[in-house]
*Asks:* 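Got a structure for you, questions after.
Both ligands and their constituent atoms are indexed starting at 1 by order of listing. Since we're looking at a predicted model, the values are computed, not measured.
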Amino acid sequence: MSSAMRVRVKYVLQALLLCCAAALSTLCLYRSLRLPPADKKGSSSGSAWQERAPRSLSFGSRDYEVVSNGQLLAQYDTNELQQPLDPAEVTPALQVLTSISDVFISVKTTSNYHKSRLDVLLKTWFTLAREETWFFSDSHDPEYQERTNGHLINTNCSSSHNRKALCCKMSVEFDTFLRSDKKWFCHFDDDNYVNIPKLLSTLGKYSPQEDWYLGKPSIRTPLEILDREKKTQSGINRENIKFWFATGGAGFCISRALALKMSPAASGGRFISVCEKIRLPDDVTIGYIIEHLLKKKLTFTPEFHSHLEPMKFIQQRHLPEQITFSYSGQGKDQNVLKIEGLDPRIDPTRFMSLHCYLFPHYSFCPR
Ligand SMILES: *[C@@H]1O[C@H](CO)[C@@H](O)[C@H](O)[C@H]1NC(C)=O
């Protein structure tokens with residue numbers, strides 16, 4: 001055999017091996033997670049709910065003070081959003097590399113919500129990512145410290161729901177991720193259900209060694225604010241800056257490569273200073289650092305869902321394809337997933353019914 005021939009045979013063998021490995025691990029992942037078959041009911045496409053969502057989603061109850069200061073100018077220009085990768089361009093080798101142990105999952109919570117919000121998370125999706133998930137709160141709580149296997153971090157931040165307290169927690173979340181050896185930083189709220197297999201398969205499409213900021217905006221236009229940095233000679237600032245941000249309530253993920261680039265502006269508590277300087281909430285500040293300071297783009301990932309969206313429009317058969325879900329309100333104003341399953345008195349958030357739909361073998365699921 002000539003040496004050129006030998007090299008070619010070697011390459012063919014390597015390629016074959018890689019393909020086998022990819023096929024095997026995909027099979028294993030699906031086997032172990034026992035994904036349910038797609039529901040045959042319903043007929044419209046996965047993006048249908050979005051078209052039926054309100055045209056302009058409000059900021060909800062969060063304290064966006066720029067709005068009341070009249071400094072927020074909205075412009076409609078979704079073309080600036082970076083579109084997700086075409087699945088055809090995705091290499092199978094990358095898919096193999098994302099496992100749950102590559103991901104740092106951070107959940108922001110507060111002492112008042114430990115009982116009412118964490119219980120359902122601990123029963124459901126947390127069981128699929130016990131080692132990787134950390135809860136960031138504002139008090140010492142021995143009961144939940146134990147129930148999370150010591151994964152409840154007291155940030156020592158204030159327990160109020162104001163900008164400063166939220167930025168303080170995000171700052172601790174970010175620093176804790178940097179100290180870990182994980183490849184992805186994924187932030188969620190305590191009213192999110194995280195579909196772990198879908199989170200992993202989504203992250204598998206992107207390399208953590210490249211700069212990625214994955215999430216979904218809650219407004220249909222980039223945020224436009226006055227640039228407080230720029231000083232003109234007259235001292236009057238007329239320059240605006242525009243950027244997209246992923247809404248924190250839907251969850252977002254940042255690759256390690258990008259987090260390291262954010263580090264000079266965001267690590268060691270500096271994140272709080274940036275929040276204070278631009279006077280915007282934590283999730284907006286993340287967008288500001290990535291899009292404005294670092295000039296990297298948010299990759300629009302529609303599978304993240306916050307309670308600002310109507311949950312009932314996500315069709316049951318499309319549930320396995322979504323990364324996050326949420327809930328809010330009570331009674332007539334309730335915003336929850338429309339899903340069959342457990343009695344709403346037992347499962348008011350519908351997260352247990354959702355979990356049973358995705359993973360029917362859990363003990364609390366109807367047989
Ligand atoms: C919060 O304060 C306690 C007690 O001073 C300290 O042990 C702990 O490390 C602090 N937590 C953080 C995240 O700084």
*Asks:* Is the gap between the ring centers of F271 and F174 under 6.0 Å?
*Replies:* no

*Asks:* Distance-only check: which donor-acceptor pairs under 3.5 Å involve side-chain atoms of residues 327-337, not counting sequence neighbours?
*Replies:*
from : atom 1 : to   : atom 2 : distance (Å)
N335 : OD1    : M311 : N      : 2.7
N335 : ND2    : H307 : O      : 2.9
N335 : ND2    : E309 : O      : 2.8

*Asks:* Closer than 3.5 angstrom, by distance alone: can the side chain of R279 be matched with the main-chain N or O of E276 as a donor-acceptor pair?
*Replies:* no

*Asks:* Determine which pairs satisfy salt bridge (charged side-chain N to carboxylate O under 4.0 Å, His left out) with at least one residue from residues 127-137, sequence neighbours left out, and list them in order.
*Replies:* none

*Asks:* May I have every N or O pair linking ligand 1 to the protein at under 3.5 Å, one per line with atom names and distance?
*Replies:*
from     : atom 1 : to   : atom 2 : distance (Å)
ligand 1 : 2 (O)  : N156 : OD1    : 3.1
ligand 1 : 2 (O)  : N156 : ND2    : 2.3
ligand 1 : 11 (N) : N154 : O      : 3.2
ligand 1 : 11 (N) : N156 : ND2    : 2.9

*Asks:* Any donor-acceptor pair under 3.5 Å linking the side-chain atoms of N192 with those of T324?
*Replies:* no

*Asks:* For F135, what residues pass the ring pair (Phe, Tyr, Trp, His ring centres under 6.0 Å) criterion, not counting sequence neighbours?
*Replies:*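 Partners of F135 under the ring pair (Phe, Tyr, Trp, His ring centres under 6.0 Å) test: F126.
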
